Amino acid sequence: MKVLVTGGAGYIGGVVSARLIAAGHEVIVLDDLSTGHADAVPPGATLVIGTLRDTSFRVLSEGGFDAVLHFAAKSLVGESVEKPALYWDKNLGETLALLDAMRRTDVPRIVFSSTAATYGEPDVTPITETAPTRPTNPYGASKLAIDTTLAEFARLYGLGGVSLRYFNVAGALLEDGLTLGERHTVETHLVPNVLKIALGDGDAVRIFGEDYPTPDGTCVRDYVHVVDLADAHLLALDAVVPGTHTIFNLGSGTGYSVRAVVEVCREVTGHPIPARAEARRPGDPAVLVASSDEIHRALGWKPERDLTAMVADAWTFLTTGLPTGPR
Ligand code: UFG
């Protein structure tokens, strides 16, 4: 297929682009490089620099596109609470421009990067796709609004859409001559923040809250390897049905506490990695664990790499992998 990957210069978009190219697809990346990196776009993909609002119609007008994989977004929960208008504008507003461009150029399919943040604080875990959606921050609310818009475009215009709701993504793609991992300028995610301490960048991991109603008092999350996540996108792309919108959770069904993640990082790096408990981070649910039974049943996807593999690959990326291959 000929596909447009928005946000393909980001962590997940770059890894998915690499897997798409390896599977024989033609990949055009559209990214404004506001948070992504040009050298995260894998060799073989064409990079167009621009925003969805200004550039998606021009790119799609070239013709022949079979699908869009849509990753471009603002994705920091804390920032979204400070600047909600930015999140509505960049996430929902720019997606509407993309969808309009798709409609005008007859692109029939979209695979969208949604999030567990659409669910908010769950009543029951593991979380299924039929769980109530009560996002607790503008980031999750803006992604939920896009999911709703996709359902409406499916009904009204026959668009085929799949929303993949990610839980916690970690790890890296490590291939000969091409390594892609997390390189956020502002890093908020647990695994890279813990590994930074092992690299000597900071004196201790900050554990945000140890008074949650969980076995060790720290938050429990469901981690999925970025390569497993990427593979789910390729399956979803093949399975998109025109006129329907489908939602799948992407997780492992297994929860790890913050302290358990730190322990795995100690084992992988051989570094003692000091940690100290601090106040809770606002907006963090105690437990987020996915049921991925639905995507397993419908598409045969299940994650193959465990948390140790995620941490090991992230560590290899941080210690040997920068920067990526030629560009
Ligand atoms: N944490 C720490 N110390 C850190 C970083 C994180 O204790 O230095 C804790 C957090 O408080 C949380 C857990 O580790 O309890 C995981 O935090 P992350 O920031 O790695 O991930 P989140 O679960 O907050 O967020 C992820 C995605 C979001 C998405 C959300 C959906 O990054 O984009 O899952 O639940 F919205």
Side-chain angles (χ1 to χ4, degrees), residues 7 10-13 35 71-81 87 90-91 112-122 125-127 131 133-147 163-171 181-182 184 186-199 201-226 229 249-252 255-265 273-290 307 310-311 314:
Y11 167 47
I12 298 171
T35 52
F71 301 90
K74 303 295 283 179
S75 62
L76 298 177
V77 169
E79 182 185 54
S80 80
V81 177
Y87 275 68
K90 294 296 287 183
N91 291 357
F112 172 58
S113 175
S114 188
T115 170
T118 52
Y119 294 113
E121 186 86 49
T125 54
I127 300 171
T133 42
R134 297 176 300 225
T136 53
N137 52 65
Y139 166 66
S142 68
K143 290 276 184 170
L144 179 60
I146 296 169
D147 287 343
S163 291
L164 297 174
R165 289 188 172 158
Y166 312 160
F167 283 63
N168 291 61
V169 187
E182 257 180 295
H184 299 116
V186 181
E187 189 52 80
T188 60
H189 294 138
L190 181 62
V191 170
N193 274 349
V194 176
L195 293 178
K196 272 197 209 160
I197 305 300
L199 278 177
D201 184 358
D203 60 342
V205 177
R206 303 165 64 201
I207 294 181
F208 298 134
E210 55 173 6
D211 57 350
Y212 285 96
T214 60
D216 67 11
T218 66
C219 287
V220 170
R221 293 289 181 275
D222 183 343
Y223 293 85
V224 60
H225 195 293
V226 68
L229 187 92
N249 288 342
L250 287 182
S252 70
Y256 288 88
S257 72
V258 173
R259 283 204 181 279
V261 172
V262 174
E263 198 48 50
V264 171
C265 293
I273 310 183
R276 66 166 173 268
E278 296 194 1
R280 290 183 177 195
R281 194 172 66 174
D284 275 343
V287 179
L288 284 177
V289 176
L307 182 60
M310 290 175 227
V311 171

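Every number for a ligand or one of its atoms is a count from 1 in the order of the listing. It should be emphasised that the depicted structure is a prediction, and the values quoted were computed from it without experimental measurement.
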When you measure from [atom] to every protein heavy atom, which one gives the shortest distance, and what is it?
atom: atom 31 (C) of ligand 1; answer: Ala117 N, 3.5 Å
atom: atom 27 (C) of ligand 1; answer: His189 NE2, 4.0 Å
atom: atom 5 (C) of ligand 1; answer: Thr188 O, 3.3 Å
atom: atom 8 (O) of ligand 1; answer: Asn193 ND2, 3.4 Å

For ligand 1, which atoms, with element, lie under 4.0 Å from some heavy atom of [X]?
X: Asp284; answer: 10 (C), 11 (O), 12 (C), 15 (O), 24 (O)
X: Ile207; answer: 7 (O)
X: Val258; answer: 7 (O), 9 (C), 13 (C), 14 (O), 15 (O)
X: Thr115; answer: 29 (C), 31 (C), 36 (F)
X: Leu288; answer: 35 (O)

Is there a donor-acceptor contact under 3.5 Å from the side chain of [X] to the main chain of [Y]?
X: Asn249; Y: Ile127; result: yes
X: Arg280; Y: Asp211; result: yes
X: Lys143; Y: Ser113; result: yes
X: Asp222; Y: Ser252; result: yes
X: Asn91; Y: Lys74; result: yes

Between [atom1] on residue [X] and [atom2] on residue [Y], distance to nearest 0.5 Å:
X: Ile273; Y: Cys265; atom1: CD1; atom2: SG; answer: 5.0 Å
X: Glu187; Y: Leu76; atom1: CD; atom2: CG; answer: 9.0 Å
X: Asn137; Y: Asp284; atom1: CG; atom2: CG; answer: 9.5 Å
X: Arg221; Y: Thr214; atom1: CZ; atom2: OG1; answer: 10.0 Å

For ligand 1, note which part of Asn168 has a heavy atom under 4.0 Å away: side chain, backbone, both or neither.
-> side chain
Arg281, portion touching ligand 1 at heavy-atom distance under 4.0 Å |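 The answer is the side chain.
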Out of Arg259, Glu278, Lys143, Arg221, whose heavy atom sits nearest atom 23 (O) of ligand 1?
->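 Closest candidate by heavy-atom distance is Arg221.
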Have a look at Tyr119, Phe208, Tyr223, Tyr139 and point out the one with the heavy atom closest to atom 36 (F) of ligand 1.
->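 Looking at heavy atoms only, Tyr139 sits closest to atom 36 (F) of ligand 1.
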Check whether any N or O atom of [X], backbone or side chain, sits under 3.5 Å from an N or O atom of ligand 1, and answer yes or no.
X: Cys219; answer: no
X: Arg206; answer: yes
X: Leu190; answer: yes

Quick one: do Thr115 and Tyr166 satisfy side chain to side chain contact (heavy atoms under 4.5 Å, CB included)? Show the steps, please.
-> CA-CA 5 Å; Thr115 170; Tyr166 312 160; 5.6 Å; no
